[in-house]
Amino acid sequence: MTDVGPFGLSVRDQALEADVQAGMAAVEEGLLEATKSEVPFITEAAQHLVRAGGKRFRPLLVMLSAQFGDRYAPGIVPSAVVVELTHLATLYHDDVMDEAAVRRGVASANARWGNSVAVLTGDFLFARASHILADLGPEAVRVQAEAFERLVTGQILETAGPQDGRDPVEHYLDVLGGKTGSLVAVSCRFGAMMSGADETVVDVLTQYGERLGVAFQLADDVLDIASDSHESGKTPGTDLREGIPTLPVLRLRERAARLGLADDVALCELLDSDLTDDDRHAEALRLLRAHPALEQARQDTIRYAQDARSALAPLPECTAKTALVELSDAVVHRAG
């Protein structure tokens with residue numbers, strides 16, 4: 001039994017383990033090949049985040065979903081490279097928008113080379129992903145284009161904020177469906193589709209991926225408040241300090257508006273203050289950790305992860321299905 005992929009997912013079947021590990025190794029080679037350029041500086045910038053590592057969550061889902069058809073079909077590894085390149089490209093752009101200094105334990109591309117290089121490197125990765133897609137057929141191009149449209153729409157909605165009268169929590173969940181759920185769903189779709197799995201299986205796995213992607217991001221929201229740096233791998237309250245309205249904060253504001261309790265209102269006012277001040281930030285983090293809004297956000301996360309698991313019910317029992325179930329359970333575990 002070997003741990004592969006994010007969260008230390010344990011694969012108990014030797015044949016599945018061998019397939020997944022071989023596929024992931026091939027994806028890693030494909031990523032390095034796809035990020036090479038005749039211009040050495042472009043290669044360096046494009047491979048910056050590839051070499052920094054990462055969970056490779058999306059390629060893992062491609063590999064597991066391919067088990068429901070011909071797991072050796074030629075389009076599986078290239079499609080996994082496509083989804084990871086797309087994900088990496090969004091990280092370059094996100095870091096510019098968020099003015100992030102660090103990504104995956106190394107200096108972000110924008111901190112190292114400036115915003116213009118970071119944006120253009122992200123564009124370069126999108127171009128390389130499109131080049132690979134062209135060889136996978138028009139249906140793959142269409143699926144990826146639709147997902148990319150949803151991803152960008154989610155990012156725009158996040159930037160614009162909810163319209164007047166729109167529930168901020170519903171708006172936020174829609175944002176996550178676009179920003180995160182869309183590409184995770186495509187990862188599962190590509191794995192099943194490229195393997196030639198039955199269309200009903202493709203649809204089931206796509207629904208699973210959508211829900212799992214949202215659950216994964218919600219778990220990150222909870223961890224940003226609840227975890228220590230050793231557990232989460234990043235400084236607690238990073239999103240809080242940057243004023244990013246994650247689900248625990250939205251649940252707090254929802255409760256404050258509904259009940260009008262003095263402590264809730266005071267905490268909202270604290271969150272609206274300058275949290276670059278270490279003392280204010282520490283106090284906000286302490287209060288949120290003890291607040292019912294954090295538990296409500298945790299329950300929201302668990303619900304999405306359980307919905308992802310439930311979506312798998314129509315699939316035949318097999319080791320790949322067990323691994324996908326364990327991934328949804330791992331998200332629940334991360335959320336506590």
Side-chain angles (χ1 to χ4, degrees), residues 57-58 61 83 86-87 89-91 93-98 100 122 126 142-190 203-225 238-240 242-258 268 271-272 288 293-312 327-328 331-332 334-335:
F57 181 45
R58 292 155 189 81
L61 287 170
V83 294
T86 303
H87 172 59
T90 66
L91 297 185
H93 288 178
D94 282 351
D95 285 347
V96 171
M97 294 182 68
D98 299 339
F126 284 131
R142 184 188 64 79
V143 168
Q144 175 76 354
E146 289 176 353
F148 190 46
E149 179 182 347
R150 287 190 60 208
L151 194 158
V152 173
T153 299
Q155 184 67 68
I156 293 171
L157 288 174
E158 181 181 54
T159 303
Q163 294 182 341
D164 291 343
R166 179 81 197 278
D167 176 34
V169 172
E170 288 184 4
H171 171 83
Y172 182 65
L173 293 173
D174 282 349
V175 166
L176 295 191
K179 279 188 61 179
T180 307
S182 61
L183 195 56
V184 176
V186 164
S187 301
C188 294
R189 186 174 190 86
F190 272 165
D203 290 343
V204 164
L205 288 167
T206 302
Q207 292 174 35
Y208 164 83
E210 177 90 18
R211 297 169 190 177
L212 185 70
V214 174
F216 181 79
Q217 184 57 57
L218 293 179
D220 272 0
D221 286 1
V222 171
L223 282 171
D224 185 61
I225 303 299
T238 297
D239 292 337
L240 200 64
E242 295 174 357
I244 298 172
T246 58
L247 190 61
V249 172
L250 292 174
R251 286 301 190 193
L252 164 67
R253 295 190 187 280
E254 178 185 62
R255 174 184 159 108
R258 186 177 73 253
C268 288
L271 294 179
D272 289 334
L288 263 179
L294 180 61
E295 180 56 32
Q296 187 175 4
R298 183 178 281 116
Q299 292 304 315
D300 290 328
T301 305
I302 291 171
R303 176 169 53 85
Y304 268 91
Q306 289 175 339
D307 285 349
R309 178 175 182 158
S310 297
L312 296 171
L327 268 180
S328 61
V331 171
V332 171
R334 288 177 78 231

> Among V83, L61, L205, T206, which one satisfies side chain to side chain contact (heavy atoms under 4.5 Å, CB included) with R189?
Replying inline: T206
>> Classify the ring geometry of F148 against F126: parallel below 30°, tilted from 30° to 60°, perpendicular beyond 60°.
In response: tilted
>> Does this structure show an ion pair linking R142 with E146, if we count only N-O contacts that are shorter than 4.0 Å?
In response: yes
> Hey, are D174 and R166 close enough for a salt bridge, meaning a charged N less than 4.0 Å from a carboxylate O?
Replying inline: yes
Non-hydrogen side-chain atoms of [X] and [Y] separated by less than 4.5 Å:
X	Y	result
R334	D220	yes
I156	K179	no
L218	R303	no
E210	R150	yes
T246	Y172	yes
R253	L271	yes
V222	L294	yes
L252	C268	yes

Quick check: closest heavy atoms across [X] and [Y], and the distance to 0.1 Å?
X	Y	answer
G209	C188	CA-SG, 3.8 Å
A335	R298	O-NE, 2.5 Å
V186	A147	CG2-CB, 3.2 Å
A305	A215	N-CB, 3.6 Å
T301	A219	CG2-N, 3.6 Å

>> Please check this pair: side chain of D224 against backbone of T238, looking for a donor-acceptor N/O pair closer than 3.5 Å.
In response: yes
> Between H87 (side chain) and V184 (backbone), is there a donor-acceptor pair under 3.5 Å?
Replying inline: no
> Between Q163 and L157, is a side-chain contact (heavy atoms from CB on, under 4.5 Å) present by the stated rule, with each step listed?
Replying inline: CA-CA 9 Å; Q163 294 182 341; L157 288 174; over 6 Å; no
> For the atom pair CG (L176) and CG (D221), what is the distance rounded to the nearest 0.5 Å?
Replying inline: 6.5 Å
>> What I want to check is whether the side chains of E158 and Q155 have a donor and an acceptor closer together than 3.5 Å.
In response: yes
>> For the CD atom on E149, are there more than 12 heavy atoms of other groups (residues, nucleotides or ligands in this structure) within a distance under 6.0 Å?
In response: no
